[in-house]
Number of protein chains: 2
Amino acid sequence: MSWLRGVRAEVVHESVRRTGGVPEATVGRLPLYLRALTPLHDQGITNIASEELAALAGVRSTQLRKDLSHLGSYGVRGVGYDVDLLAAQIAQELGLTQEWPVVIVGMGNLGRALASYGGFSGRGFRIVALADDDPAVVGTRVEGLTVSTLADLATAGPTVAIGVITTPAPAAQAVADQLVAMGVRSILNFAPGHLTVPDEVDVRGVDLATELQILAFHEQRRLLAVPTSGQVPSEDREVAG
Amino acid sequence: MSWLRGVRAEVVHESVRRTGGVPEATVGRLPLYLRALTPLHDQGITNIASEELAALAGVRSTQLRKDLSHLGSYGVRGVGYDVDLLAAQIAQELGLTQEWPVVIVGMGNLGRALASYGGFSGRGFRIVALADDDPAVVGTRVEGLTVSTLADLATAGPTVAIGVITTPAPAAQAVADQLVAMGVRSILNFAPGHLTVPDEVDVRGVDLATELQILAFHEQRRLLAVPTSGQVPSEDREVAG
DNA sequence: ATGACTTTGTGAAGGCTTGCACAAAGTCGA
DNA sequence: TCGACTTTGTGCAAGCCTTCACAAAGTCAT
């Protein structure tokens with residue numbers, strides 16, 4: 001993401017004096033656009049039309065243009081968008097011109113998987129600490145970092161902006177409370193269940209079961225709609241009758 | 001989730017002859033309600049008011065009631081909802097009265113973590129196959145299952161309803177194509193990037209970087225809004241000036 | 001320079017979602 | 001039985017989001 005730094009200066013002026021009101025739905029899609037732009041940059045493509053970029057991101061071109069209009073983006077009519085400039089503008093809007101320090105709490109399988117996942121660095125985030133409360137795990141090294149307890153981190157750890165919770169569900173709320181007490185105001189929670197936090201804290205939850213259940217809903221709908229059926233799973237088919 | 005089976009029969013009649021139109025936003029919240037109900041059942045609580053359940057799920061009570069009204073749910077005025085009956089109704093709506101067979105493709109750290117994650121079984125899903133294309137991994141056993149290639153699964157594997165993609169990004173589209181060719185119409189994609197699939201196929205994407213970037217946006221907003229700042233990370237603070 | 005063509009940016013319409021206000025329907029104590 | 005109280009279910013209004021339609025603004029060949 002270092003390639004975004006060069007053009008940042010030009011972007012700041014437009015973007016900083018904006019009204020401040022980017023719709024939440026748009027914010028949710030900006031990362032998709034950024035994700036689509038990166039390989040374009042790598043391929044040396046310097047310009048792209050909204051129609052094409054929208055296809056890469058999986059949205060409609062009119063939505064892409066409306067979204068970009070919210071951040072005062074300037075494409076060129078008849079031509080399209082400058083890939084690098086647009087990426088820099090989006091990165092600026094998302095606050096990715098600085099690197100956010102992240103702590104992962106819970107060194108189970110998922111926590112380790114995330115710790116070794118390359119998707120952090122180079123995308124605006126850096127893992128600066130790992131935590132767990134299992135004495136057998138504390139003190140071990142994972143991906144070049146020594147695992148500590150959250151309590152230790154609170155008293156003598158690096159500053160952290162974002163906390164990622166990968167503990168079992170029963171521990172999640174206590175961990176969230178500790179993170180909040182440490183001053184963390186952004187939490188990404190992989191443990192199933194709702195976290196109660198103060199208003200100023202932002203929590204996003206990612207729950208595998210929830211995602212699968214939404215898929216299952218639509219899957220079932222398809223099966224109920226077309227009683228021609230065919231294959232498909234196990235027991236309990238009387239539901240369709 | 002076996003405790004849901006008992007009451008299912010009573011539910012079927014109401015639910016099956018419904019109009020069919022449950023709003024997408026509601027579908028996205030039904031899993032949250034189910035998730036909140038399970039511990040209540042375990043604690044032996046048999047009845048709950050919408051206000052309380054909403055708090056557990058992290059939504060407003062009026063939204064909960066509106067959502068439930070879409071699936072023709074019958075609470076009792078002045079009393080609340082029967083925990084087990086409500087859970088059974090939601091499970092029914094989501095298609096969780098049967099167990100959906102799942103394949104995980106990509107036996108890297110994340111794939112292994114998901115394979116060993118307990119959140120599948122007992123929630124309406126069962127991992128029936130694991131796949132990878134690395135010859136060093138194919139043939140090994142993970143969590144009691146032997147890893148095979150997708151090609152082998154296509155010709156001689158168990159029927160699969162849902163595919164979970166945990167491969168690196170460059171492989172994801174090819175894997176999706178193969179899954180679709182196998183008849184899979186529901187895909188959960190953990191690889192960053194947009195998947196192109198036929199209309200009848202349902203894809204949900206979970207991207208760590210995307211989630212973190214949305215958090216970063218709000219985090220930055222807080223910092224820009226309150227220039228009192230204080231702590232917080234590294235370089236590039238001139239953005240705020 | 002001109003005209004045909006391409007592509008962006010946006011006002012307005014339509015649809016979906018949320019939240020309010022309140023009637024309906026039940027419980028419970030006296 | 002009655003009256004006070006609780007809690008659900010829902011019509012309606014407000015707000016947000018998406019999509020359409022099209023003017024604005026540029027390129028490019030001639």
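In what follows, chains carry the letters A, B, and so on, assigned in the order in which the sequence lines appear, proteins first and then strands, with residues in each chain numbered from 1.
For the segment residues 194-207 of chain B, the set of residues with a heavy atom within less than 4.0 Å of an atom of DNA chain D is empty.
The base of C:dG19 is paired with the side chain of B:Lys66 by a donor and an acceptor separated by under 3.5 Å.
Atom CG in B:Leu71 sits about 12 Å away from atom P in D:dT10, given to the nearest Å. Atom CG in A:Asn47 sits roughly 12 Å away from atom C1' in D:dG26 (whole-Å rounding). C:dT8 atom C1' lies 15 Å from atom CG of A:Leu85, rounded to whole Å. What separates CD of B:Glu52 from C1' of D:dT6 is a distance of 13 Å, to the nearest Å. Going from atom CD of B:Glu51 over to atom P of C:dG19 covers 13 Å, rounded to whole Å. In this structure, A:Asp82 atom CG and D:dG26 atom C1' are separated by 16 Å, rounded to whole Å. Whole-Å rounding puts the B:Tyr33 OH to D:dT8 P distance at 13 Å. The nearest whole Å value for the distance from the CG atom in B:Leu68 to the P atom in C:dT18 is 13 Å.
Using modelled atom types and a 3.5 Å distance limit, the side chains of B:Glu93 and B:His70 yield no donor-acceptor pair.
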If you apply the rule salt bridge (charged side-chain N to carboxylate O under 4.0 Å, His left out), what do you find for A:Arg126 with A:Glu99, and how did you get there?
CA-CA 6 Å; A:Arg126 176 157 32 190; A:Glu99 217 165 41; 2.7 Å; yes
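Taking the side chain of A:Tyr81 as heavy atoms from C-beta on, and the options D:dT7, C:dT8, D:dC17, the nearest nucleotide is C:dT8. You'll find that the side chain of A:Arg29 is closest to D:dT18, out of D:dT18, C:dT17, C:dG26.
Side-chain atoms of B:Ile214 and A:Glu24, non-hydrogen and from C-beta on, do get closer than 4.5 Å to each other. Counting heavy atoms from C-beta outward, A:Thr46 and A:Val83 have side chains that stay 4.5 Å or more apart. A:Gln220 is not listed as a side-chain neighbour of B:Leu94, based on a closest heavy-atom distance of 4.5 Å or more.
Position along DNA chain D of the nearest nucleotide to A:Gln63 versus B:Ser69 favours B:Ser69 as the more 5'-ward residue. With the nearest nucleotide of DNA chain D identified for both A:Glu24 and B:Gly80, B:Gly80 has the one nearer the 5' end.
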Which atom pairs link the protein and nucleotides 21-25 of chain C when you take only N or O atoms and keep those under 3.5 Å?
unit_1	atom_1	unit_2	atom_2	d
C:dA24	N3	B:Arg77	NH1	2.7

N/O donor-acceptor pairs under 3.5 Å from side chains in residues 204-212 of chain B, not counting sequence neighbours:
unit_1	atom_1	unit_2	atom_2	d
B:Arg204	NE	A:Glu211	OE1	2.5
B:Arg204	NH2	A:Glu211	OE1	3.1
B:Asp207	OD1	B:Ala209	N	3.1
B:Asp207	OD2	A:Arg35	NH1	2.8
B:Asp207	OD2	B:Thr210	OG1	3.0
B:Glu211	OE1	A:Arg204	NE	2.5
B:Glu211	OE1	A:Arg204	NH2	3.1

For residues 55-63 of chain B, dump all side-chain donor-acceptor pairs below 3.5 Å to protein atoms at least two apart in sequence or in another chain.
unit_1	atom_1	unit_2	atom_2	d
B:Ser61	OG	B:Glu51	OE1	3.2

Solution key, residues 25-32 of chain A side-chain donor-acceptor pairs under 3.5 Å, sequence neighbours excluded:
unit_1	atom_1	unit_2	atom_2	d
A:Thr26	OG1	A:Asp67	OD1	2.7
A:Arg29	NE	A:Asp67	OD2	2.7
A:Arg29	NH2	A:Asp67	OD1	3.0
A:Arg29	NH2	A:Asp67	OD2	3.3

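Residues passing the side-chain contact (heavy atoms from CB on, under 4.5 Å) test with B:Thr196 are B:Gln173, B:His194, sequence neighbours excluded.
B:Ser50 has a side-chain polar atom (N or O) that falls below the 4.0 Å cut-off from OP1 or OP2 of D:dT8.
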